Amino acid sequence: GGMVHVSSLLAAHAANMASSAAPPPTAPFVAAPEDYAKVVGAGVLCVLGAVGVRYAMNRHLESEVALKDKAASRNYGSNAGEEGASVRYREYPERWLMLGVYALCIMTVTILSGSLMSSQVPATKLFSIKAYDIVTMMSVLTFLMLPGTIFSELLFHRVGIKNTCVVGISLSAAAAWAMWYATYAKSWALEVVGMVSAGLAGPLLGNACTALSSSWFSIDSRNFPTAVGSGGAGAVASALFNPYAVTFVQQLGFEFFIIAVVTTVVAFLYAILYKESPPTPPSAEEPSAERTMRVSTTASLKAMATDINVFILLYCFALDGYGFGLILVTSILTDIGYGQHEANLVIAAASIGSMSSMVFAPVADRLKRRDERWPTWLMQICQALSLLSTFALSLVLKPGMFYLILFFFFLIGVTTSAAAPFLLELIAEITYPAPESLSAGVALTVFGLATFGFVQLSQVMKDDVPKGDNAYESFFWLQNVLFLISVLLLSFVFKADLKRTECALSGEREEEHDLL
């Protein structure tokens with residue numbers, strides 16, 4: 001459906017370019033007061049509905065815990081603890097609700113962070129700035145991953161994962177309202193304040209993706225929720241939002257108002273619906289919430305710093321995030337001779353491709369039940385395909401080749417995003433018992449810093465060529481070399497030590513022995 005829609009937009013664009021006698025465009029839509037009221041009313045209804053869902057969920061979980069006779073069934077384990085107490089390892093259906101409400105948070109934050117980039121042309125007119133100001137601002141947001149991660153770790157250890165995420169989505173809502181007001185005040189300074197606040201809030205949510213997976217999902221079904229939380233939900237949001245991003249200055253205010261209302265509503269939904277952990281853990285390893293409070297951050301970081309396998313995975317993750325590529329899309333295509341509309345379509349195509357993680361991840365989970373090494377093998381395959389995709393893209397970045405550019409950006413989204421959740425889960429595996437929130441935070445921080453560095457490096461390496469030629473050719477060939485190095489490291493140096501999986505399986509084997 002998404003690809004069909006993008007194709008229809010491309011066809012419409014080609015038709016418009018082919019006809020110089022086309023009628024003048026109609027006046028852009030301008031929201032009336034009743035349109036603002038409808039948005040607010042829909043948000044209030046969503047919050048009221050969430051209260052009812054929370055009540056039903058609590059009743060169901062209480063009834064599940066009360067069914068003691070299920071403790072001996074095939075889907076449950078039992079281990080020695082306090083007298084008369086049994087610990088059952090199982091997955092609750094509410095895990096999908098937890099994943100869904102967390103995904104909503106990631107989607108709204110993704111749209112908020114990318115809203116200026118998607119509406120770059122009208123934003124430059126409204127704030128009287130240059131396109132490079134927005135590009136630089138976007139790269140600064142990735143640099144904010146470092147202070148954001150430090151802030152998130154301090155909160156994780158003091159108030160827990162849920163409350164940290166509540167702080168993150170609430171800060172995002174405040175940032176959204178500041179950015180909305182900035183469109184009316186025409187204040188670029190206030191817009192920057194809102195963007196910086198959103199950048200600091202991002203890690204408070206994003207670093208919890210693998211912790212959510214380990215809290216609610218069993219050891220052999222975590223790649224999919226990690227894929228959704230680490231990029232899949234954001235890819236869906238970008239694919240839905242970018243083709244419809246406004247292109248007129250008069251529409252920016254209403255667009256940011258909708259984003260602010262939705263972000264605020266989602267903050268309420270998360271606070272109402274999300275639970276830190278289920279009544280009983282899904283697997284036999286120590287629950288993530290307990291390790292977050294118990295395991296020392298300093299000791300965990302020291303262990304990571306002495307493991308060459310961690311460095312290899314972080315290097316690959318910095319490339320596979322490919323955030324610097326998407327930040328530069330508008331600049332790259334504009335230099336070649338394309339416009340904002342084409343850039344939005346390319347970003348949307350790459351975002352649609354990024355949904356591949358939600359296809360590959362459940363396949364990896366199923367294959368892992370046969371052999372625990374399958375996610376590692378799939379990640380290595382995806383990395384090799386990423387190399388081929390980036391190499392092909394560097395050859396077609398020329399005028400008159402828009403459809404090939406669109407296709408290869410889509411392919412890069414497919415291959416790089418497919419590998420990303422495997423990398424996050426592998427980092428969590430080999431750094432166990434370090435909390436998943438810490439390992440994800442380190443990975444996302446490295447990605448953010450790398451993105452900031454790549455964007456700046458791309459400007460330094462930018463070739464002095466005539467208008468219409470690819471000024472980023474040298475930079476793209478450097479990127480090809482870096483991907484080649486990542487493939488060689490994964491193929492000949494990396495060794496996967498699945499500590500977390502082994503701990504969970506050994507715990508389950510011990511409990512089966514106790515039952516016998």
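These numbers were taken from a predicted model, which means no experiment stands behind them. Side chains are part of it too, since the values below use all heavy atoms of this structure and drop only hydrogens, waters and symmetry mates. For the single chain, residues carry numbers from 1 onward in sequence order.
You'll find the side chain of Ile161 reaches within 4.5 Å of the side chain of Phe156, heavy atoms only. Arg369 has its side chain out of reach of Trp374: every pair of non-hydrogen atoms, C-beta onward, lies at least 4.5 Å apart. Counting heavy atoms from C-beta outward, Met179 and Thr183 have side chains that stay 4.5 Å or more apart. Counting heavy atoms from C-beta on, the side chains of Ser386 and Leu319 never come closer than 4.5 Å. Side-chain contact between Leu104 and Thr108 is absent, with no heavy atoms from C-beta onward closer than 4.5 Å. Contact of the Met57 side chain with the Met98 side chain is registered, since non-hydrogen atoms from C-beta on lie closer than 4.5 Å. Between Ser214 and Arg222, the closest side-chain pair of non-hydrogen atoms falls below 4.5 Å. The closest side-chain heavy-atom distance from Glu94 to Trp216 is below 4.5 Å.
Atoms CG and SG, from Leu205 and Cys105 in turn, are 5.5 Å apart once rounded to the nearest 0.5 Å. In this structure, the separation between CG on Asn223 and CE on Met379 is 11.0 Å, given to the nearest 0.5 Å. Rounding to the nearest 0.5 Å gives a distance of 9.0 Å between OH of Tyr274 and CG of Leu99. With rounding to the nearest 0.5 Å, the separation of CG in Asp35 from CD1 in Ile258 is 8.5 Å. Here the CG-CG distance, from Leu116 to Leu252, works out to 8.0 Å after rounding to the nearest 0.5 Å. In this structure, CZ on Phe151 lies 12.0 Å from CG on Asn207, to the nearest 0.5 angstrom.
Among all heavy-atom pairs drawn from Thr164 and Ser152, the shortest one is CG2-O, 4.2 Å. Heavy atoms only, all atoms of each residue included: Glu255 and Ala245 are closest at OE2-CA, 3.6 Å. Across Cys165 and Ala208, no two heavy atoms sit closer than the pair SG-CB, 3.7 Å. Minimum interatomic distance between Ile430 and Lys499 (heavy atoms only, all atoms of both residues): O-NZ, 3.2 Å. For Leu144 against Val196, the heavy-atom pair with the smallest separation is CD1-O, 3.6 Å. Across all their heavy atoms, Val47 and Leu269 have their closest contact at CA-CD2, 4.2 Å.
Proximity of the aromatic rings of Phe256 and Trp177 is defined here by a centroid distance below 6.0 angstrom, and this criterion is not met. Ring centers of Phe254 and Trp180: at least 6.0 Å apart, outside the cut-off.
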**Message:** As a quick check of understanding, evaluate side chain to side chain contact (heavy atoms under 4.5 Å, CB included) for Leu367 and Leu378, giving each step before the final call.
**Reply:** CA-CA 10 Å; Leu367 291 174; Leu378 288 174; 4.3 Å; yes
**Asked** side chain to side chain contact (heavy atoms under 4.5 Å, CB included) between Thr110 and Phe241: does it pass, once the steps are laid out?
**Response** CA-CA 10 Å; Thr110 300; Phe241 176 74; over 6 Å; no
**Message:** Assess the residue pair Phe257 and Tyr36 against the criterion (ring pair (Phe, Tyr, Trp, His ring centres under 6.0 Å)); give the C-alpha distance rounded to whole Å, side-chain angles, the decisive distance to 0.1 Å, and a yes or no.
**Reply:** CA-CA 8 Å; Phe257 179 80; Tyr36 287 85; 4.6 Å; yes
**Stepwise side-chain hydrogen bond (donor to acceptor under 3.5 Å, both in side chains) test for Glu429 and Thr501** = CA-CA 7 Å; Glu429 287 278 1; Thr501 296; 2.5 Å; yes
**Request:** Before giving the answer on side chain to side chain contact (heavy atoms under 4.5 Å, CB included), spell out for Met358 and Val236 the whole-Å C-alpha distance, their side-chain angles and the decisive distance to 0.1 Å.
**Result:** CA-CA 10 Å; Met358 295 188 289; Val236 172; 3.5 Å; yes
**Request:** Begin from the C-alpha positions of Val266 and Met107 and carry the test side chain to side chain contact (heavy atoms under 4.5 Å, CB included) through to its verdict.
**Result:** CA-CA 10 Å; Val266 170; Met107 292 173 75; over 6 Å; no
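Formation of a donor-acceptor pair under 3.5 Å by the Ser439 side chain with backbone atoms of Glu436 is found in this model. Between the Ser356 side chain and the Val414 main chain, a donor and an acceptor come within less than 3.5 Å of each other. Side-chain atoms of Lys162 come within 3.5 Å of backbone N or O of Ala271 as a donor-acceptor pair. With hydrogens and angles ignored, the 3.5 Å screen pairs a side-chain donor or acceptor of Ser187 with a backbone N or O of Leu190. Here the side chain of Arg158 pairs a donor or acceptor atom with the backbone of Leu154 at under 3.5 angstrom.
Screening Trp96, Phe224, Tyr92, Tyr102 for a ring pair (Phe, Tyr, Trp, His ring centres under 6.0 Å) with Phe217, the sole residue that qualifies is Trp96.
Using modelled atom types, one finds no donor on one side chain facing an acceptor on the other under 3.5 Å when comparing Ser215 with Glu276. For the residue pair Ser218 and Ser221, a side-chain donor N or O sits within less than 3.5 Å of a side-chain acceptor on the partner.
Annotation for Phe360: atom CZ does not count as buried by contact number, only 12 or fewer foreign heavy atoms lying within 6.0 Å.
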Using distance only, find each side-chain donor-acceptor pair of residues 418-428 under 3.5 Å and give its atom names and separation, not counting sequence neighbours.
| residue | atom | partner | partner atom | Å |
| --- | --- | --- | --- | --- |
| Glu425 | OE1 | Arg500 | NH2 | 2.4 |
| Glu425 | OE2 | Thr226 | OG1 | 2.5 |

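The pair Asp220-Lys368 does not meet the salt-bridge criterion, since no charged nitrogen lies less than 4.0 angstrom from a carboxylate oxygen.
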